[in-house]
Each structure stands twice: as structure tokens, then as C-alpha cells.
Amino acid sequence: MADSSNKSPCFEKVLESYLNRRAFIRSGAAAAVAAVSGCAKDGAALEGASLTKTKAEAKKSGTTPGVGSSLSFNELAHGLDKNFAVAEGYDHQVLISWGDALFADAPEFDAQRQSEASQLQQFGYNNDFIAFVPLPYGSKRSDRGLLVVNHEYTSPSMMFPGSPSAADVSLEQAQIEIAAHGLSIIEIKKQAGQWHVDKTSSYNRRITPQTPMIISGAASASSRLQTLISKDGIHTLGTYGNCAGGLTPWGTILTAEENVDAYFHGDIKHQPEAENYQRFVSRTGVKAWANYFPRWNLDKNPNELLHVGWVVEIDPYDPGSKPKKRTSLGRFKHEGCNVYINADKHVVAYSGDDQAFEYIYKFVSKNKYDEHNRQANLDLLDEGSLYVARFDASGKLHWLPLTYGQGPLTEKNGFSSQADVLIDARKAGDLVGATPMDRPEDVDVNPVNGRVYAMLTNNSRRKHDQLDAANPRAHNANGQIIEFWPEGGDHTKTEFNWDLMLLAGKPGEVATSYHADISENGWLSCPDNCAFDQLGNLWIATDGAEKSGIADGVWATEVNGPNRALTKRFLRTPIGAELCGPFFTPDDENFFVSVQHPGGGSSFDKPTTRWPDFDSAVPPRPSVLVITKQGGGRVGS
Ligand code: FEO
Ligand code: CA
Ligand code: CA
């Protein structure tokens, strides 16, 4: 553990400045600050009392916490075992798993006899983001629609007999891996309370790293995007590293390319794009694909890594449509991307860059959304302004423009066009003075209160002398949730307010901030993805809670009023898995979740769980589940 000294802006000082502008949480925290002299290591001496509203304060506000909550489900206990578990009174159905057939003539899954051809017709690996879009387009149906699912990455040691390492797979295995990436689009229907995949649907589609795509937006056709597979910097192939994403109000899907560097080989220090690749923290040599395909070898195809790290827009209602990489949203390790229609109809898209000390971005469209003309909305994300966030200790958030020619974004610093600013978005963010965050994951807008919530998952590398008001803990293993909003609700504004909604972790072990009444099962660690129900409740999915001894899963909380930050555990993943992609149907009665990498950290040959099949011939399979309330009703009630 790093030494702390009174000279650094340690947790207590950061906390004090935070408290100075937040009277409502003053008493509990001030007492905690007073109790320690100098700097506590990692805030540990604060014993979780820090920012938590006390029971007395809750009482003073006139309402009893928990009573009258819209989240009245019986909380699930912590635990860690081979199974999936959900709160009492709820059913879970495994809707689809890795290898399940997507088409009427697709082969059934056989773990011992996998092939590229079969995988191309089957559900991919490691499902992450999920969106449900009703059929037909424009309806609010909750019993028929398309499920769009990201397949973020592959784990050869869990997929193939013999448990090969990622860097060591055969050509055939690499081809299967490639085919298991990208996305699946499937039509699903609910009949007699059960969901089914319609394998005969003409909407069903696999999108892979080989699917033809267009590079659109302000970086399209940049000479820096010319590669072995793209002479013009416009046409490209495929998407991979698809982590989270978003659904647009015009019914398209945004899929976010995140850890795309892992696919490449080559000496990044000696590439024409060396500066970009180093700033991108490119961890080459992880995967074996480049052994077989020069496309992923930077020594042979030096600019290919610039074709990924984008947000890709896909129209699930048009199975023949070409996905488009929306470069105007910037290139970084996008966790996800969520859009909000401002009152004046400009489209605002929020996205986090998931790496330690990276930034939060927003894009504001030049043109306006037209709810009566779907076609007119399809390219709204190509033109507009990109901004990056600076969180000030005063509680103000400033959106700093990433516009070529403005401020430091000029030739002097190596930018000769907006394309350069977008391709080098991280460097542009450095130059304008953005706030380095604790790994921004999902950033999403609450449909009820219009505020934006960012999941900051953790940052073990943050040191005591790197603390700031928005990232107040060193060696942050647990993450926090930050909330920000424009005064008056205009999301195109460049000045917002912000607040910390909660500091995650186990109370008593680290400095945390929750509602004082959370139960022993209510604490969480490593928030990653999120969803809102129609009441505006926040549903938080985690990735990394197992390091604290509890299974990952989903917790729910109200965001306003006396039950704010009263997180309650709703479900648990099987051992080794993270939970992602939470998504509600329009009626809030069906809750889709992704269980990613069950048995993670073990191997095909000796898995720690065989969920969900529990068949000795079948390894654990990443799966999408749907959760419903027994007897029907809103999930959470
Ligand atoms: Fe793919 Fe940020 O998790
Ligand atoms: Ca994620
Ligand atoms: Ca994750």
C-alpha cells in the first residue's frame, strides 16, 4: 500500500471539499473526518461512515427509508456458487447460450466438434450488451421483438478441449474465435409465459469481424485509415471487442468497440502511428489471429488498429444494412454509448472510455431528431461536436470542445483536421485538460429525472497524490457512481453540475457511501453496466465483485428521495462470471441479462462450474437470461 502524507490531496481533504458544498450529508461524514488525523490509507479509517446518510438524517427528511419504495422485492443474499440465483418470487429462463442455433438449418452445438462454419450460424461467445427492440418497428410490444447482443471476446481456454492459451490457438481455432465475435440479432417471442427464439425469422443475423462496414463521419476517408483491407479509408470489415452499447430512439443499435488492441501483433513503438498506439495503451500479442492473418499484424498492416475503437451503428430492422462506424464520436476504448433527445431535438450521445485514468465524452448532433421521419435520423451521429468532461471540485462539470483549430487542437500539437482530433481523441482530451477518471463504463441518462449516471468501475492504480473530488479514493478497488446534469435540463450546455451518488465497496473495509439502511447484502463492488426502468430506478450490473468475496450480479436503487443509494441485491451470477447487458422490455415485465464468462479463470477441461447445462460433455456457456416476476408484474415490485 502506498504511503500517504499530509502534503497530498488525500481522501479526507478531497472529502472535506466535497462536504463543503453538500450540507445534507455533512454530519456523518464530518464526524468521520474529524476522527482521523492526517490521511487514512485508502480511506480505510473512515469505516464506511464517510458519505452515508445517517438514519437520523433520513428521519429528519420526514420519510422512513425503504418504506413505500418502488423496489419492494425481497433482497437476495450475497453468496458465490456454481449457479445463477435471483430474488425470491422471480423466475429466470436461459433464453440462449453460446453455440445455440440461430437459423433453421444451423447445426446444434457440439463442444468437441466446433467449426467456423457452424459458429457463423450459432450464437457467439461472451454475450455482453443486450437491446430488445419491439416488432414491428414503432410498437411498444413487450412480447415480440429483436434481441441484439454483443459478443465481446473469446476465451480459448474455456472454449476448446485442451484449454489452449489465447496466444497459442490453431488456425482452425482462430477462425472459430473470429466467427464467435461481433453480434447476434435474433427474433424472439413470448408465448404462454416462455420466451422462444424464432429460428425461421428473416431478421436473424450474425455480424462478425468480417462483415462489410462503412467508416462514416468526420474521420471517414482520412489517409490514416488506408489499410490492407481499405484502400479508401471508407470501406472496412467488421467489429470486435464489442462491450456495451445503446439503443437509439430511432431503433438502431450502437455497439461500442472497447479492448480492440488485444487482437494485434507488431512492434508498436516503430509504427507510423506509434504515438497514437502508445497513448491508446495498445497491449499487442494477446491473441493469435495475427499469426494467420496479416490484417492483424501491424508490421504488415500498420494502420489497421485505427479501424477499431469506434461506436458502430447497426439497423436491426434492416438485415441487409451495412453497419456504420460513427467516427464523429471519437476513437477510444468505448465501453458503451447512450443517446438522449434534448428538448430542442438535438441528439446528445454519452460515452465512457474504459481504462484507468481515461475520460467521459459527449457528442451533440448538428442536426435535429425527427420523430416522424426515421430515415432522416439514420445519419444524425455523423455530424456534430464532441466534448470531454472536466469535473471541478466546485461541483461544476465543464464540457470541453474537441474541435479542430480550437484551443490546443492545432498543427502545433500535430492536428491537421477534425479527423486527426477524432482518431487521437485521448491525446486531444489530455491537451484540453479533461479529468482522468476511475475507468468509465456505462454512461446513461435516467429517462425520469434526465440526469446522467456514469459507472466508474475501479482504478487500483490511482495513488494518493492523484485524488480529486470525482475520484476520491486511492487504490480504488470498488468503483463509484457519479451523477451529472445540466441546470434547466438542456443537455447541449457546456456547464453541468455533478455529484457522487455512491462509493462502492464493503462498508467497514473501505470508505464507502450508501444509504445508511442498506442491508448486509446491499453493498456492491465494481459497477459496470446499468439500466433504468420506467420509474427511473437504477439497476446496476457489476464486474469484479468476486474479488471482494461475493458473486457479481445486479443491484437496484431509487435515485431520488429518501431511498437514494439504498442498493438491494437482485441477482447473482455463477462463479467466475460477470453480469452485463441489463435491459428491460417496454413494460418493465421482462428483464434481460447477460452472464458473461461463467467459470472464468478456470478451463475447458476443469471448469469451476458447468452452468447452465451441468453436462459433463459441455463447458460452461455464456448465456442470455430473461427474468420475470412470478404471476406477472413489474420487475422490482
Ligand atoms: Fe468490456 Fe468495460 O468492460
Ligand atoms: Ca463492460
Ligand atoms: Ca466488463
Side-chain angles (χ1 to χ4, degrees), residues 124-131 149-155 158 166 180-183 239-246 253-263 280-281 283 286-287 308-312 332-338 350-361 426 437-444 453-461 476-482 504 524-531 539-548 551-555 573-574 576-583 592-601 622 624:
Y125 202 75
N126 269 348
N127 33 255
D128 195 302
F129 172 75
I130 301 171
V149 182
N150 282 356
H151 301 296
E152 186 184 17
Y153 70 101
T154 46
S155 304
M158 299 300 302
H181 274 71
L183 297 94
T239 185
Y240 42 95
N242 304 88
C243 192
I253 300 304
L254 303 176
T255 182
E257 296 176 339
E258 191 197 35
N259 292 316
V260 293
D261 47 322
Y263 299 86
F280 201 70
V281 196
R283 296 161 289 198
V286 179
K287 306 285 280 181
V308 280
W310 303 105
V311 168
V312 186
F332 44 91
K333 292 179 184 171
H334 286 273
E335 166 71 17
C337 187
N338 284 287
Y350 292 96
S351 187
D353 182 352
D354 181 11
Q355 198 151 43
F357 302 109
E358 294 302 337
Y359 308 134
I360 293 175
Y361 297 78
R426 283 184 170 183
M437 308 297 287
D438 287 343
R439 287 187 57 198
E441 304 255 19
D442 263 1
V443 184
D444 204 354
Y453 294 79
M455 308 298 114
L456 303 173
T457 198
N458 59 59
N459 182 0
S460 52
R461 287 170 40 212
N476 178 10
N478 297 285
Q480 63 264 29
I481 298 177
I482 194 166
L524 58 98
S525 180
C526 304
D528 186 339
N529 298 128
C530 70
W539 294 73
I540 306 155
T542 67
D543 173 12
E546 230 176 86
K547 287 190 288 257
S548 302
D552 276 311
V554 167
W555 284 254
T573 60
E578 68 170 282
L579 197 289
C580 24
F583 204 92
F592 295 101
V593 295
S594 266
V595 171
Q596 198 189 64
H597 55 77
V624 169

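In this text the structure is predicted, and so the values were computed from the model without any measurement. Ligands are counted one by one from 1 in listed order, and the atoms in each one are counted from 1 as well.
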> Salt bridge or not for Arg439 and Asp353, using N-O below 4.0 Å?
Replying inline: no
>> Less than 6.0 angstrom separating the ring centers of Phe129 and His151, yes or no?
In response: no
>> Using a 3.5 Å distance criterion without hydrogens, assess whether the side chain of Glu152 forms a donor-acceptor pair with backbone atoms of Gly241.
In response: no
> How would you list, by chain and number, every residue that makes a side-chain hydrogen bond (donor to acceptor under 3.5 Å, both in side chains) with Glu335, sequence neighbours excluded?
Replying inline: Asn529
> Does the side chain of Asn459 pick up a donor-acceptor pair with the side chain of Asp438 at under 3.5 Å?
Replying inline: yes
> Given the side-chain rings of Tyr240 and Tyr153, with only the six-membered ring counted for Trp, is the space between their centroids under 6.0 Å?
Replying inline: no
> Is the distance between the Ca ion (ligand 3) and the nearest N/O/S atom of Asp528 smaller than 3.0 Å?
Replying inline: yes
>> My understanding is that only residues two or more places apart in sequence, or in another chain, count here; which of them pass ring pair (Phe, Tyr, Trp, His ring centres under 6.0 Å) with Phe280?
In response: none
> For atom 2 (Fe) of ligand 1, how many protein N, O or S atoms come closer than 2.8 Å?
Replying inline: 4
> What N, O or S atom of Asp543 is found closest to the Ca ion (ligand 3)?
Replying inline: OD2
>> Within 3.0 Å of the Ca ion (ligand 3), is there any N, O or S atom belonging to Glu578?
In response: yes
>> Only N/O/S atoms count here: what is the atom of Glu335 closest to the Ca ion (ligand 2) called?
In response: OE2
> Listed by chain and number, what are the salt bridge (charged side-chain N to carboxylate O under 4.0 Å, His left out) partners of Asp552, not counting sequence neighbours?
Replying inline: none
